[in-house]
Colleague: 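Can you keep this structure in mind? I'll have questions shortly.
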Amino acid sequence: EVLPPVEWDKGKVVLWFLARRREAPGGGRPLPLYIGDDAADADAFRALRNAGITVSVGAGRRPGARYRLRGPGEVAEFLERLLAERSRKP
């Protein structure tokens with residue numbers, strides 16, 4: 001993974017995006033869902049510890065992720081179920 005020579009990580013970027021979303025008209029307070037599969041995602045998992053849903057993908061748990069899915073197939077199934085549930089609510 002190539003990273004730029006700046007003091008940003010995925011956690012800081014996620015928090016930056018959330019702040020911009022909240023500032024936008026009608027922004028409200030979104031519930032972020034972050035799904036990641038490598039060590040660089042740990043920063044985002046930690047940043048969203050108390051503010052979102054964090055899911056690591058693959059063998060073993062990534063530091064900071066609250067949930068784990070075994071692979072891309074489970075990610076697809078999870079997202080399909082999430083969308084189906086959301087479409088049932090008025």
Colleague: Give every donor-acceptor pair under 3.5 Å between a side-chain atom in residues 78-85 and any protein atom, sequence neighbours left out.
Modeller:
{"residue": "Arg81", "atom": "NE", "partner": "Glu77", "partner atom": "OE2", "Å": "3.4"}
{"residue": "Arg81", "atom": "NH2", "partner": "Glu77", "partner atom": "OE2", "Å": "2.9"}
{"residue": "Glu85", "atom": "OE1", "partner": "Arg88", "partner atom": "NH2", "Å": "3.2"}

Colleague: Should Leu15 and Val6 be regarded as members of a common hydrophobic cluster, given that ILVMFWY residues are connected when their side-chain heavy atoms come within less than 4.5 Å of each other, either directly or indirectly?
Modeller: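 Per the 4.5 Å side-chain linkage, Leu15 and Val6 are not co-clustered.
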Colleague: Determine the minimum heavy-atom distance between Arg21 and Pro30, stating which atoms define it.
Modeller: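 Closest approach of Arg21 to Pro30: CG-CG, 3.8 Å.
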Colleague: What side-chain donor-acceptor pairs closer than 3.5 Å can you find for residues 40-53, not counting sequence neighbours?
Modeller:
{"residue": "Asp41", "atom": "OD1", "partner": "Lys10", "partner atom": "NZ", "Å": "3.1"}
{"residue": "Asp41", "atom": "OD1", "partner": "Tyr34", "partner atom": "OH", "Å": "2.6"}
{"residue": "Asp41", "atom": "OD2", "partner": "Asp37", "partner atom": "N", "Å": "2.9"}
{"residue": "Asp41", "atom": "OD2", "partner": "Asp38", "partner atom": "N", "Å": "3.0"}
{"residue": "Asp43", "atom": "OD1", "partner": "Arg46", "partner atom": "NH2", "Å": "2.6"}

Colleague: Would you say the side-chain atoms of Thr54 pair up with the backbone N or O of Arg66, donor to acceptor, closer than 3.5 Å?
Modeller: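 Present.
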Colleague: So which atom in Leu18 and which in Pro32 form the shortest heavy-atom distance, rounded to 0.1 Å?
Modeller: CD1-CG, 3.8 Å
Colleague: Within a radius of less than 6.0 Å around CZ of Arg20, do more than 12 heavy atoms belonging to other residues, nucleotides or ligands occur?
Modeller: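 Above 12, so yes.
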Colleague: Kindly give the heavy-atom pair with the smallest separation between Lys12 and Glu7, and that separation in Å.
Modeller: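 For Lys12 and Glu7, the tightest heavy-atom pair comes out as NZ-O, 2.9 Å.
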Colleague: Do Val14 and Trp8 sit in the same hydrophobic cluster, where Ile, Leu, Val, Met, Phe, Trp and Tyr count as joined when their side-chain heavy atoms come under 4.5 Å apart?
Modeller: no
